[in-house]
Amino acid sequence: MFLIEIALACGTIVLGPSSDDPGVIRGRVVNMSQDEAPCAGAEVILRARIENEFAPVAQALTDADGTYRFEGLPVGAEYLYLPGANYREIHYPGRRVGLTRGQPAAYVTLDVWETVAEPSPLVIRQHEIVIGTEPGAVHVVEAMLVDNPARATYAGRAPSDDAPPITMRLSVPSDFERITFEKEKFGREFRVLDGQLVTGIPWTPGQHWLRFTYTLRPEAVRRGWQRSLDAPCDSMRIRVKHPRTEEIGCSLPTAADGLPGETVFQSGAGVLPAGHVIRVQLDHVSVPWSVYARWGALALLAGLIAGAAVVLGRSGRKRASVAGPASPSREQDPPAPSSNEPDSDRVRRLRQRRAA
């Protein structure tokens with residue numbers, strides 16, 4: 001077992017068999033895809049909570065029986081541990097463990113799975129969408145119960161050699177202003193690729209809730225809100241909160257069990273295929289006066305700029321017409337002598353001109 005030092009609030013502590021601390025965490029790593037067969041040679045990482053985050057503090061390899069052991073761990077209410085196993089480049093965390101003087105030891109079994117890259121086994125068992133309108137914004141809340149019914153973790157396939165794998169695409173409207181995920185791990189793992197939210201999160205067997213909220217501007221839904229399904233969906237339910245119910249339409253059938261002030265639509269029997277497009281029509285979503293004022297200010301500014309350009313252009317042309325054509329850069333000849341000047345004066349002027 002390879003151990004490293006960690007810094008805690010009380011000072012630097014070294015984990016290891018020579019430590020006087022009595023804490024022990026041991027257990028077994030089993031492969032659930034192979035009927036809980038022991039997983040030999042698996043890497044086990046032990047994390048400890050340090051400043052509200054779990055940081056690695058020790059690691060070990062399982063023996064032929066799939067067992068592992070960490071000892072010499074500090075005990076007390078301020079210590080919390082999280083063991084996890086790495087298998088097929090995927091980390092499988094176990095349960096959190098607290099050790100005390102009265103119970104200084106814990107046994108934790110870590111489940112790992114084989115992986116599958118394609119096709120995707122994911123199915124949306126429930127998809128709940130709530131659309132609410134208010135002046136200047138349209139708020140959408142989505143909750144998806146994602147199920148992986150396979151006996152392997154869905155790891156996805158990379159679209160190219162230098163790109164990470166993709167396991168899910170969220171086909172929400174691309175012009176959303178912001179999106180917030182209920183669980184921080186999803187917020188960290190989703191990214192925007194070609195205008196679409198994608199993630200490479202491995203989906204272990206079983207069901208997982210994915211909840212998120214995003215906001216749209218009213219002008220973004222003037223032609224309606226629409227979204228294609230990310231996976232086959234067993235049941236979809238849409239609740240629309242809009243003051244004028246007569247202005248609401250949907251491609252799903254209307255349900256009769258909505259609450260006051262909302263219109264509910266529900267999918268019928270059968271599975272909706274992946275890629276199926278759901279549309280909701282929202283007429284006359286109000287835009288706040290501040291938006292109109294901003295648009296008016298921009299229009300006024302554009303008018304002022306255009307007017308200034310016209311005035312400057314006319315002023316330039318007027319100055320050019322007053323100045324007349326440019327004079328050549330040579331001295332002008334002296335005025336011709338008048339016919340009534342004396343001959344001597346004419347001669348003197350002619351000599352001065354030749355001398356010049």
Side-chain angles (χ1 to χ4, degrees), residues 1-7 14-17 23-73 79-99 105-118 120-122 146 148 150-158 161-168 183-191 198-208 210:
M1 179 173 64
F2 174 74
L3 302 176
I4 62 177
E5 296 185 353
I6 60 174
V14 180
L15 304 180
V24 175
I25 295 178
R26 63 188 184 91
R28 196 165 179 245
V29 178
V30 297
N31 191 326
M32 301 299 292
S33 298
Q34 300 178 7
D35 298 325
E36 301 186 22
C39 189
E43 183 183 45
V44 180
I45 305 296
L46 181 65
R47 288 176 167 81
R49 186 175 62 185
I50 303 174
E51 297 181 352
N52 296 323
E53 293 186 2
F54 282 93
V57 296
Q59 66 184 38
L61 294 178
T62 59
D63 59 18
D65 295 329
T67 59
Y68 68 91
R69 181 184 181 91
F70 298 103
E71 56 188 10
L73 305 176
Y79 301 113
L80 189 63
Y81 299 98
L82 178 63
N86 293 335
Y87 186 69
R88 307 293 191 201
E89 300 182 355
I90 296 176
H91 183 73
Y92 296 89
R95 61 181 177 88
R96 298 180 180 185
V97 177
L99 303 177
Y107 188 93
V108 181
T109 299
L110 301 175
D111 299 338
V112 299
W113 304 83
E114 298 296 332
T115 60
V116 59
E118 56 184 5
S120 171
L122 302 182
V146 183
N148 177 5
R151 289 178 54 84
T153 295
Y154 174 51
R157 187 175 295 280
D161 294 338
D162 57 347
I166 294 177
T167 57
M168 176 173 284
K183 293 184 178 180
E184 184 181 355
K185 69 173 184 178
F186 288 123
R188 293 195 306 264
E189 295 295 337
F190 272 93
R191 67 187 189 278
V198 301
T199 183
I201 293 176
W203 297 89
T204 57
Q207 297 184 345
H208 314 266
L210 174 60

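Predicted model only: the values in this text are computed from it and were never measured.
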Value rounded to 0.5 Å, distance of [atom1] in [X] from [atom2] in [Y]:
X: Thr115; Y: Arg88; atom1: OG1; atom2: CZ; result: 6.5 Å
X: Trp203; Y: His208; atom1: CH2; atom2: NE2; result: 7.0 Å
X: Tyr92; Y: Leu110; atom1: OH; atom2: CG; result: 12.0 Å
X: Ile25; Y: Arg69; atom1: CD1; atom2: CZ; result: 11.0 Å
X: Thr62; Y: Arg28; atom1: OG1; atom2: CZ; result: 10.0 Å
X: Leu210; Y: Leu122; atom1: CG; atom2: CG; result: 11.0 Å

Taking the side chain as every heavy atom from C-beta outward, state whether [X] and [Y] have any atom pair closer than 4.5 Å.
X: Val108; Y: Val97; answer: yes
X: Thr167; Y: Thr199; answer: yes
X: Leu80; Y: Phe54; answer: yes
X: Val24; Y: Phe70; answer: no
X: Arg191; Y: Pro164; answer: yes

Could you report the tightest heavy-atom contact between [X] and [Y], atom names first, then the distance?
X: Ala158; Y: Ala163; answer: CB-O, 3.1 Å
X: Ile50; Y: Ala55; answer: CD1-CB, 4.2 Å
X: Ala155; Y: Pro165; answer: O-CB, 3.6 Å
X: Leu99; Y: Leu73; answer: CD1-CD1, 4.0 Å
X: Tyr154; Y: Ala117; answer: CE1-O, 3.2 Å
X: Tyr87; Y: Trp113; answer: CD2-O, 3.4 Å

Would you call Glu184 and Arg188 a salt bridge, taking side-chain N to carboxylate O under 4.0 Å as the test?
yes
Any sub-3.5 Å donor-acceptor pair from Asn31's side-chain atoms to Ser33's backbone N or O?
yes
Heavy-atom donor-acceptor pair, Arg49 side chain to Tyr79 backbone, under 3.5 Å:
no
Start with the C-alpha gap between Glu114 and Gln34, add the side-chain angles, then the distance that decides, and say whether side-chain contact (heavy atoms from CB on, under 4.5 Å) holds.
CA-CA 8 Å; Glu114 298 296 332; Gln34 300 178 7; 3.3 Å; yes
Give the table of side-chain donor-acceptor pairs shorter than 3.5 Å for residues 35-47, with sequence neighbours excluded, one pair per line with atom names and distance.
from: Asp35; atom 1: OD1; to: Arg151; atom 2: NH2; distance (Å): 3.2
from: Glu43; atom 1: OE1; to: Asn86; atom 2: ND2; distance (Å): 2.8
from: Arg47; atom 1: NH1; to: His91; atom 2: NE2; distance (Å): 3.3

Applying side chain to side chain contact (heavy atoms under 4.5 Å, CB included) to Pro202 and not counting sequence neighbours gives Ile90, Thr153
